[in-house]
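Below is the structure I would like to discuss, written out as C-alpha cells.
Below, chains carry the letters A, B, ... as their sequence lines are ordered, and counting in each starts from 1. What you see below is based on every heavy atom in this structure, not just the backbone, and it leaves out hydrogens, waters and symmetry mates.
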Amino acid sequence: GAVVSQHPSWVICKSGTSVKIECRSLDFQATTMFWYRQFPKQSLMLMATSNEGSKATYEQGVEKDKFLINHASLTLSTLTVTSAHPEDSSFYICSAKSHGTATEAFFGQGTRLTVV
Amino acid sequence: GQNIDQPTEMTATEGAIVQINCTYQTSGFNGLFWYQQHAGEAPTFLSYNVLDGLEEKGRFSSFLSRSKGYSYLLLKELQMKDSASYLCAVRDRGAGGYNKLIFGAGTRLAVHP
C-alpha cells in the first residue's frame with residue numbers, strides 16, 4: 001500500500017507553546033488529508049478534513065484557531081497545536097488519500113503529544 | 001445523526017474463530033472499513049465493503065448488509081499476534097459532498113493460548 005509518513009513520532013512540550021506535526025504522502029499525491037485525535041482506549045475522533053489548496057473543514061467542537069491545519073501541497077499537510085495545554089495531550093494521527101479510484105485512506109504512524 | 005456500535009472487548013482462544021459485529025446508522029453511507037490497531041500504533045487497513053455480501057482475504061473476512069446497517073469481521077485460525085483493537089469505520093458523505101471516515105470505539109480482542 002501507499003506510504004504516509006508522520007513526524008515527529010512523539011513530542012513533549014511546555015504549556016503555552018505551539019507544536020507542529022507533519023504528514024507527508026511519500027509515493028502518491030494526497031488530494032485529501034484527515035487529522036484524527038485518539039485518547040487512551042478510545043477510538044479515533046476526526047478533527048478536520050483538508051483538501052489541497054483550500055481551507056480545512058473542521059468537525060463540530062474542534063477549535064480551528066487552536067488546531068491550525070495547512071495543506072499547501074499534494075504531499076504535505078501540517079497540524080499546529082497552538083498554545084498547548086495538558087488536556088491537549090493525545091495521540092494525533094493523519095491519513096491521506098488520493099482522488100478518484102482509491103477506496104482507502106492510508107494512515108501515518110501517529111504522533112504522541114505530551115504537554116507538561 | 002451518526003452512530004457506530006461494536007462490542008468493547010472480546011476474548012478468544014488461539015486457533016479458534018471469532019466474529020466481531022458492528023452496527024451503524026449514518027445518513028450518507030458510502031462504504032465500510034475494518035482496521036486493526038495495536039496499542040500505540042496507527043491503524044492498518046484490513047477490509048472494505050461497499051456492496052452487500054462477504055469479502056474474503058486470507059484469514060480475515062468481512063460481511064456487510066446495508067439494509068440492516070450491519071457488518072462483521074471474521075477472524076479464522078487465530079494467532080496470538082491478532083490480539084489488538086479492531087475498528088469498524090463507516091465512510092460517510094458529509095454535507096459538503098466529501099467523504100469522511102467515522103470510527104466506532106473499537107473492539108479490543110485478546111487471544112489466549
* Looking only at non-hydrogen atoms, find the nearest pair between Ser43(A) and Ala105(B) and report the distance. =>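 Scanning both residues, the minimum pair turns out to be CB-CA, 3.3 Å.
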* Count the heavy atoms of every other residue, nucleotide or ligand shown that sit under 6.0 Å from NZ of Lys20(A), and state whether that count exceeds 12. =>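 No, not enclosed.
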* Would you say Leu46(B) and Leu75(B) are hydrophobically clustered, going by side-chain heavy atoms of ILVMFWY under 4.5 Å? ->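 In one cluster: yes.
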* Where does Gln38(A) contact chain B at under 4.5 Å (heavy atoms): side chain, backbone, both or neither? ->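 Contact with chain B is through the side chain of Gln38(A) alone.
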* To do: Determine whether Phe67(A) and Val115(A) fall in the same hydrophobic cluster, where Ile, Leu, Val, Met, Phe, Trp and Tyr are linked whenever their side-chain heavy atoms lie under 4.5 Å apart.
  =>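 Yes.
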* Asked: Between Gly31(B), Ala39(B), Gly40(B), which shows the greatest number of heavy-atom pairs under 4.5 Å with chain A?
  ->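 The option with the most such pairs is Gly40(B).
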* Exceeds 12 heavy-atom contacts within 6.0 angstrom, atom NE2 of His7(A) ->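 Incorrect, the count does not exceed 12.
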* Straight-line distance of Met45(A) CE to Ile102(B) CD1, nearest 0.5 Å ->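 Rounded to the nearest 0.5 Å, the CE-CD1 separation comes to 8.0 Å.
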* **NZ on Lys97(A) to CZ on Arg91(B), rounded to 0.5 Å** =>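 Here the rounded value is 6.5 Å.
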* To do: Return yes when atom CE of Met10(B) has more than 12 non-hydrogen atoms of other residues, nucleotides or ligands closer than 6.0 Å, and no otherwise.
  =>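 Yes, because the 6.0 Å sphere around CE of Met10(B) holds more than 12 heavy atoms from other groups.
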* Asked: Going through the checks in order, is the side-chain contact (heavy atoms from CB on, under 4.5 Å) test met by Gln37(B) and Leu44(A)?
  -> CA-CA 11 Å; Gln37(B) 186 181 27; Leu44(A) 283 74; 4.0 Å; yes
* Heavy atoms, side chains only, cut-off 4.5 Å: are Leu101(B) and Tyr36(A) in contact? ->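 Leu101(B) reaches Tyr36(A) side chain to side chain.
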* Can you tell me if CD on Glu77(B) sees more than 12 non-hydrogen neighbours from other groups inside 6.0 Å? ->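 At most 12 heavy atoms, drawn from other residues, nucleotides or ligands, come within 6.0 Å of this atom.
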* Taking the six-membered ring where the residue is Trp, are the ring centres of Phe45(B) and Phe107(A) under 6.0 Å apart? ->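 Not close enough - the centres of the two rings lie 6.0 Å or further apart.
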